[in-house]
Number of protein chains: 2
Amino acid sequence: MYSYSHPHPAVTTDIVIFTILEERLQVLLIRRAAEPFRNSWALPGGFVNIDEDLETGALRELQEETGIRDIYLEQLYTFGRPDRDPRERVITVAYYALVPIDQLQSIEAASDAAALAWHPVDRLPALAFDHGLIIDLARQRLAAKLDYSTIALQFLPRSFSLGELQNVYEVIAGETIDKRNFRKRILGAGFLVDTGKLRRGNRHRPARLYRAKSPGTLSYIR
Amino acid sequence: MYSYSHPHPAVTTDIVIFTILEERLQVLLIRRAAEPFRNSWALPGGFVNIDEDLETGALRELQEETGIRDIYLEQLYTFGRPDRDPRERVITVAYYALVPIDQLQSIEAASDAAALAWHPVDRLPALAFDHGLIIDLARQRLAAKLDYSTIALQFLPRSFSLGELQNVYEVIAGETIDKRNFRKRILGAGFLVDTGKLRRGNRHRPARLYRAKSPGTLSYIR
DNA sequence: CCAAAAGTGTTCACCGTACACCCATGA
DNA sequence: TCATGGGTGTACGGTGAACACTTTTGG
């Protein structure tokens with residue numbers, strides 16, 4: 001069954017990095033400096049080291065190319081069409097990651113690439129390889145997970161208002177939600193706790209701040 | 001980013017092949033003839049050819065090792081811990097497949113391996129590599145998909161009774177279901193059509209036979 | 001005082017769940 | 001005639017959806 005005689009393909013990880021910026025779901029892309037697809041936009045990613053776990057490799061690429069650390073990361077799907085890279089056989093294990101909106105500044109600071117930019121997922125430029133497919137699948141997965149998990153919390157700082165959380169839902173689902181129903185559903189689910197604090201300083205009524213009951217952990221609903 | 005200098009890992013596909021047999025969810029395993037894990041049971045699978053799509057490779061392994069063709073196949077997850085194979089770095093793209101109960105006989109006939117056997121998922125023998133983890137994840141995915149898709153139909157012949165379908169649900173979920181509620185829910189979902197035929201020849205009242213409205217296609221509910 | 005977001009309840013339709021008996025057949 | 005699975009309806013509680021006004025603040 002197993003032998004050493006087979007030619008081995010290259011294996012990479014690519015990461016679809018989402019955030020919410022300017023009321024839109026956006027993806028972090030890197031402009032390619034080399035052929036093929038020179039000057040096209042592409043997902044951050046790269047080769048998996050020979051002694052490195054797949055997820056570790058994805059985290060390393062994330063850190064090296066964008067400076068991002070300690071964020072939610074999940075394996076998405078593995079893409080392996082033989083013709084997806086014109087140079088050699090490259091199989092890519094795609095991941096997706098979510099960046100909290102309060103950590104956006106730190107990205108440009110830490111990354112050596114000035115070629116990084118956020119792009120709204122509904123207005124993507126021409127993309128290298130099959131990265132368009134990958135982003136599309138990631139978007140579907142993210143939208144599906146909104147309904148039955150606490151994944152939306154990964155976009156927000158430790159404490160946040162219900163209005164901010166509702167905004168995350170609306171932007172990803174692409175539709176507005178009734179405020180009263182949303183609050184009933186979210187508070188009824190029981191994974192938020194009231195911090196007792198208020199967000200003041202806006203020119204309107206202050207919002208109660210909540211935090212996740214188990215921060216960092218993904219919970220499932222129903 | 002991409003270069004030819006990196007050492008490339010081996011890439012395999014492994015397939016968790018499910019069926020329902022003797023009122024139990026079972027997995028098809030192959031007894032290993034070679035080291036490592038000689039004489040342990042393992043998932044069918046093998047190397048991806050260098051010019052072959054991942055799914056094509058999985059289908060080919062399925063055919064070669066078990067004789068099975070034309071069944072439901074879906075990518076599950078990619079496992080890549082550096083130590084998962086003691087010989088060299090092997091990344092495996094795991095798939096799962098569902099064999100209809102009316103195709104079980106054809107398997108032993110077509111496979112050259114007398115070392116193939118069905119094992120109930122809740123009574124598995126010692127398994128090679130991380131194949132225990134893979135089966136466990138596949139089982140979770142299958143159980144989850146029961147609730148929101150028509151995947152259960154993949155275990156049944158073209159036409160089947162509601163009792164047979166209910167049995168599939170019960171065996172996979174591991175719990176009994178109220179018959180009237182089940183029938184209301186399934187028929188209400190609208191993806192079955194009455195064939196008008198009856199299954200006779202048992203020593204009890206004949207059952208109406210149904211078939212999928214779109215056979216082969218997976219539909220989603222809600 | 002005004003603009004802007006926060007906060008709050010009720011009604012109704014629908015759906016999942018609990019629950020028990022008769023039917024048709026072959027042996 | 002009897003054992004076996006097939007087939008059927010109703011009542012109830014919970015949940016998701018629709019819907020509008022008052023509150024609090026900063027400028």
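If you measure from atom CZ of A:Arg200 to atom P of C:dA6, you get 14 Å, rounded to the nearest angstrom. Separating the CZ atom of B:Arg205 from the P atom of C:dA27 is a distance of 18 Å, rounded to the nearest angstrom. When the P atom of C:dA18 is taken as reference, atom CD1 of B:Ile177 falls 12 Å away, rounded to whole Å. When rounded to the nearest whole Å, the span between CG of B:Leu162 and P of D:dT8 equals 9 Å. Protein atom CZ of A:Phe182 is 12 Å distant from nucleotide atom P of C:dG7, rounded to whole Å. If you measure from atom CG of B:Leu209 to atom C1' of D:dG5, you get 14 Å, rounded to the nearest angstrom. In this structure, CZ of A:Arg180 is placed 8 Å from C1' of D:dA18, rounded to the nearest angstrom. Separating the NZ atom of A:Lys179 from the P atom of D:dC21 is a distance of 14 Å, rounded to the nearest angstrom.
B:Asn181 contributes a side-chain N or O that forms a donor-acceptor pair with the base of C:dA18 under 3.5 Å. A donor and an acceptor atom sit less than 3.5 Å apart, one in the side chain of A:Lys184 and one in the base of C:dT10. For C:dT25, its base never sits under 3.5 Å from the side chain of B:Arg203 at any donor and acceptor pair.
Looking at heavy-atom distances under 4.0 Å, B:Arg185 makes no contact with the nucleic acid at all.
Ranked by how close their nearest DNA chain C nucleotide is to the 5' end, B:His204 and A:Ala207 are led by A:Ala207. The residue among A:Leu198 and B:Glu164 whose nearest nucleotide of DNA chain D lies closer to the 5′ end is B:Glu164. Of the residues near DNA chain D, A:Asn202 and B:Tyr210, the one whose nearest nucleotide (by heavy atom distance) lies more toward the 5' end is B:Tyr210.
OP1 or OP2 of D:dG6 has not a single side-chain nitrogen or oxygen of B:Arg208 nearer than 4.0 Å.
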| task | Go through the steps for B:Phe182 and B:Tyr169 under the test ring pair (Phe, Tyr, Trp, His ring centres under 6.0 Å), then give the verdict. | result | CA-CA 10 Å; B:Phe182 179 77; B:Tyr169 275 82; 5.3 Å; yes

| query | Under the salt bridge (Lys or Arg N to Asp or Glu O under 4.0 Å) criterion, do B:Arg81 and A:Asp53 qualify, and how do the steps go? | reply | CA-CA 5 Å; B:Arg81 279 188 48 178; A:Asp53 191 17; over 6 Å; no

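Taking the six-membered ring where the residue is Trp, A:His131 and A:Phe129 present tilted rings, their angle falling between 30° and 60°. Taking the six-membered ring where tryptophan is involved, the planes of A:Tyr220 and A:Tyr148 are essentially parallel, since the angle between them stays under 30° and well short of 60°.
Relative to the side chain of A:Pro206, the nucleotides D:dG5, D:dT8, D:dT24 differ in distance, and D:dT24 lies closest. Candidate nucleotides D:dT4, C:dA6, D:dC19 were compared by shortest atom distance to the side chain of A:Asp178, and D:dC19 ranks first. Of all nucleotides listed (C:dT17, D:dG7, C:dA6), C:dA6 comes nearest to the side chain of A:Ser161.
Note: A:Glu52 CD to A:Leu59 CG = 9.0 Å, rounded to the nearest 0.5 Å.
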